[in-house]
Amino acid sequence: MKLDKKDLLLYAITDRSWLNGMTMEEQLKEAITGGATIVQIREKNMNYSDFLEEAKSLYKICKSSNIPFIVNDNIDIAREINADGIHVGQEDMDAKDVRAIIGDKMILGVSASTVEEAIKAEKNGADYLGVGAVFSTSTKKDADSVSYEELKKICDAVSIPVVAIGGITYDNMDVLKDSGICGISVISAIFAQNDIRKATENLKNKSEKLFKYH
Ligand code: TZP
Ligand code: MG
């Protein structure tokens, strides 16, 4: 699948720690109904077969709504289900090696927190960058932090689209407006909310006003 910049407007990343009585499938359906434009499955503590089952099931939901489905940091799962894409961090498999394996048809997302990492990721074949953490977050304990100035520099330095990530909420997202990002990527601002659908709708409406490609 080819990535459209518009797809990056509101990037929802799953996290089982917020399930709160619902299934991941139920939560995801709410987020998609609310307007998430792309979805990443992110499982850090799951065995292969459970990850595979969940990936298949969430992919089905995304497919039926025509939303790109990206697998975090697991090329075997991504390939086995023929996901729309894979996302790797700086500590994961090298972007160049991932691109060599997946070919041109799968989307490759790479995390970057400096201009150097961003330029290298673009050279290595990334289709988009996730840049953060732009705000402090308790969701990823070891996240690097990226200042607004650095975020702007990264957006200027690359020609691939950039999404900001890390601690983004409905209330703080406004300050990202002129950074050059195409959209925001969030976990808790969607999945930790009581009304996931409404929270996603609110983020989507604001994103449409703030960011470039819609
Ligand atoms: N990468 C950088 S920050 C982060 C990830 C996965 C966590 C984002 O979660 P939240 O809840 O939106 O801050
Ligand atoms: Mg740019």
Side-chain angles (χ1 to χ4, degrees), residues 8-20 22 24 27-28 30-32 34-46 51 54-55 58 68-74 77-78 85-93 95 98 107-115 117-118 121 126 128-148 150-151 154-155 161-176 179 181-204 206-207 210-211:
L8 294 171
L9 187 64
L10 183 53
Y11 193 148
I13 303 180
T14 68
D15 188 339
R16 307 186 69 76
S17 46
W18 303 109
L19 281 184
N20 199 16
M22 287 171 88
M24 202 68 253
Q27 285 204 337
L28 184 62
E30 287 295 291
I32 291 175
T37 55
I38 182 168
V39 169
Q40 179 186 125
I41 181 174
R42 183 169 179 270
E43 289 297 352
K44 294 295 183 191
N45 301 298
M46 208 180 232
F51 194 165
E54 183 177 281
L58 301 188
F69 182 72
I70 310 292
V71 176
N72 181 282
D73 186 23
N74 195 314
I77 301 268
I86 174 159
H87 186 99
V88 290
Q90 293 291 322
E91 277 92 45
D92 305 333
M93 209 174 150
V98 177
I107 297 165
L108 173 59
V110 176
S111 303
S113 58
T114 64
V115 170
E117 287 175 358
Y128 75 89
L129 300 176
V131 175
V134 294
F135 298 109
S136 74
T137 176
S138 48
T139 308
K140 182 172 157 65
K141 306 278 181 247
D142 62 347
D144 293 319
S145 75
V146 175
S147 68
Y148 180 79
E150 187 77 6
L151 174 65
I154 290 172
C155 293
V162 173
V163 285
I165 185 167
I168 301 172
T169 65
Y170 181 82
D171 291 324
N172 68 18
M173 63 191 281
D174 304 65
V175 307
L176 302 170
S179 59
I181 59 172
C182 288
I184 54 170
S185 183
V186 301
I187 296 178
S188 50
I190 289 182
F191 293 109
Q193 305 307 308
N194 285 329
D195 189 337
I196 289 176
R197 184 189 300 202
K198 189 73 207 151
T200 312
E201 251 169 41
N202 291 340
L203 292 168
K204 176 75 173 293
K206 217 184 209 187
S207 295
L210 295 173
F211 308 122

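For ligands, and for the atoms within them, numbers begin at 1 and follow the listed sequence.
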Novice: Give the atom numbers and elements of ligand 1 that come within less than 4.0 Å of a heavy atom of G167.
Specialist: 10 (P), 13 (O)
Novice: With heavy-atom distances below 4.0 Å as the criterion, list the atoms of ligand 1 near S188.
Specialist: 10 (P), 11 (O), 12 (O)
Novice: Consider only side-chain N and O atoms of D171 and T169, and report whether a donor and an acceptor are under 3.5 Å apart.
Specialist: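 The criterion, which ignores hydrogens and geometry beyond distance, is not satisfied for T169 and D171.
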Novice: Which residue holds the protein heavy atom closest to atom 12 (O) of ligand 1, what is that atom called, and what is the gap in Å?
Specialist: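 Heavy-atom neighbour on the protein nearest atom 12 (O) of ligand 1: I187 N, 2.9 Å.
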Novice: List ligand 1 atoms under 4.0 Å from V186, heavy atoms only on the residue side.
Specialist: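 Listed by number with element: 12 (O).
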Novice: At what distance is the nearest protein heavy atom to atom 3 (S) of ligand 1, and which residue and atom is it?
Specialist: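 Ranking protein heavy atoms by distance from atom 3 (S) of ligand 1, first comes G166 CA, 3.7 Å.
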Novice: Looking at atom 10 (P) of ligand 1, what's its closest protein heavy atom, distance included?
Specialist: T139 OG1, 3.4 Å
Novice: Passes ring-ring contact (aromatic ring centres under 6.0 Å, His included), Y148 versus F135? Steps please.
Specialist: CA-CA 9 Å; Y148 180 79; F135 298 109; 9.4 Å; no
Novice: Pick from V134, I168, I181: which one makes a side-chain contact (heavy atoms from CB on, under 4.5 Å) with M173?
Specialist: I168
Novice: Using the six-membered ring wherever Trp is involved, compare the ring planes of Y11 and H87 and label them parallel, tilted or perpendicular (cut-offs 30° and 60°).
Specialist: perpendicular
Novice: Students should be able to answer this: which protein heavy-atom is nearest to atom 13 (O) of ligand 1, and at what distance?
Specialist: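 Scanning the protein heavy atoms, the shortest distance from atom 13 (O) of ligand 1 goes to T137 OG1, 2.6 Å.
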Novice: Side chains of Y128 and I107, heavy atoms from C-beta outward: is any pair under 4.5 Å?
Specialist: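 SC-SC contact between Y128 and I107 confirmed.
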Novice: Using every non-hydrogen atom in the two residues, find where V163 and I184 come nearest and quote the distance to one decimal.
Specialist: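 In terms of heavy atoms, the two residues are closest at CG1-N, 4.4 Å.
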Novice: Measuring from the heavy atoms of A189, does anything fall under 4.0 Å of ligand 1?
Specialist: no
Novice: Tell me, which protein residue and heavy-atom name are nearest atom 1 (N) of ligand 1, and how many Å apart are they?
Specialist: K140 CD, 3.3 Å
Novice: Atoms of ligand 1 less than 4.0 Å from R42 heavy atoms?
Specialist: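 Those qualifying, in numeric order: 6 (C).
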Novice: Yes or no on side-chain contact (heavy atoms from CB on, under 4.5 Å) for L129 and E117, after CA distance, side-chain angles and deciding distance?
Specialist: CA-CA 10 Å; L129 300 176; E117 287 175 358; over 6 Å; no
